[in-house]
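In what follows, a structure is listed as structure tokens, so that the remarks can point back to it.
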Amino acid sequence: MQLSNEPTSLETVEWEDGVVKMIDQTRLPQELVILDISDIPTLVAAIQRLSVRGAPAIGVAGAYGVALAVHLHGTDGPELEEAIGVLRAARPTAVNLAKMVDRTAALVSLGLERVLEEAHLIRDEELRASISMGEYGADLADELIGDAAARTMTICNTGGLATVARGTALAVIQTLHERGRLEMALPVETRPLLQGGRLTTWELSRMGAPFRLLVDGAGPFLLARGEANLVFAGADRVAANGDVANKIGTFSLALASRHAGVPFIVVAPESTIDMDTPSGSQIEIEDRGSDEVVSVRGVEVAPPGAEALNPAFDITPVEFITAIVTDRRIIRPDQGQSPHTVPLGELKQSHPGGT
Ligand code: MRU
């Protein structure tokens, strides 16, 4: 086991000799623990308990999961079908999981090597997408705030931990930092599982970016007070009309951004856009049950028997979104655009280090 502040070249999720390896994100930032997973029930449980999380990362985990299923069960039969079915259904909101399971499952009859090749391709696509989103998003920030220093609010964890490397919304913040444009990052802690407080702060520390952590409730007030001039959020699914499902609390930040006149920008790869879902009302929102709300990291904070409502995501209607930045285009709902109307452009790959 390594200490959490030691640099690591390990990717969020990867494949090694019939084993899916992943950083156990439930243990960060206290411990950097790598899980070795060699059966499907353990992989499904790891996705459900958020050891691996974030829409692109669970897409990659799902793709490697199909490879693991073929490795264990061969190229057809009920056990294989069952394994693929439970993987695909492990979490319902992020479209990447079902998409990448379907994409790799379509190749199982061609054998493990071909499935694995596709899973690696998906991983590499997500890596390139992160670099490109960072560039598109930082260019858009220049357009929106001119020469002003960027003071960026963000929610959940949308960094390398949520993708393969660099991330989505956090990739834009990282690119702004690398360009010398970032004055302050303001992540909200993101109750109940504290992806902002535990993971985004860990990633911002590692990149040497200036930040202050906020409780969720401080976000709207600090926006109204002018503390941020840009808000960046990720997405678990972007519907065809531009409505966005993302971590619970995103809609509050979008409303507050509108109130404060601050651009609200969603950053997500093309793989998160779901043209088969017409609008946000058709997106299934994961209900994660009471336990993780009525207790915090194993300590009960509500009276015994108290029940909570715990939707893991919310929907931000497209009318509250200034721009949707993907790896291939910038969609401007504030200018009447939607995913239907903006054609795909080029990937931007100018980040010198690659990751
Ligand atoms: O429940 P999580 O932690 O998987 O939720 C993740 C998010 O909501 C992210 O904002 C989203 O997946 C985009 S991450 C690149």
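Please read all numbers here as calculations on a predicted model, not as lab measurements. Read the numbers this way: they start at 1 and go in the same order the structure lists the ligands and their atoms. Sequence positions, counted from 1, serve as the residue numbers for this chain.
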[atom]: which of [options] has the nearest heavy atom?
atom	options	answer
atom 2 (P) of ligand 1	R237, E126, R91, M133	R91
atom 1 (O) of ligand 1	Q25, R166, R288, K247	K247
atom 6 (C) of ligand 1	A162, P56, C156, P269	C156
atom 7 (C) of ligand 1	D236, L199, V52	D236

Task: Check: E307/S290 side-chain N/O donor and acceptor closer than 3.5 Å - done: yes
Nearest to [atom], what protein heavy atom do you find, and at what distance?
atom	value
atom 15 (C) of ligand 1	T168 OG1, 3.2 Å
atom 13 (C) of ligand 1	A235 O, 3.3 Å
atom 3 (O) of ligand 1	R53 NE, 2.5 Å

Open item on the list: Can you confirm, on distance only, whether ligand 1 has an N/O atom lying under 3.5 Å from any N/O atom belonging to Q195?
Closed with: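 Min N/O separation from ligand 1 is below 3.5 Å for Q195.
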Open item on the list: Polar contacts were defined as any N/O atom of the residue lying under 3.5 Å from an N/O atom of the ligand; does this apply to N246 and ligand 1?
Closed with: yes
- [ ] Verify the neighbour count for atom CD of Q282: are there more than 12 heavy atoms of other residues, nucleotides or ligands below 6.0 Å?
- [x] yes
TODO: Can you label the angle between the W15 ring and the H71 ring as parallel, tilted or perpendicular, going by 30° and 60°?
DONE: perpendicular
Open item on the list: Could you measure the distance from the CG atom of L253 to the OG1 atom of T154? Nearest 0.5 Å is fine.
Closed with: 8.5 Å
- [ ] Decide whether a cation-pi geometry holds between R198 and W202; the criteria are a distance under 6.0 Å from NZ or CZ to the six-membered ring centre and an angle within 45° of the ring axis.
- [x] no
Task: Polar side-chain atom of N310 near backbone of G289 as donor-acceptor pair, under 3.5 Å - done: yes
Task: Charged N-O contact under 4.0 Å between D327 and R128 - done: no
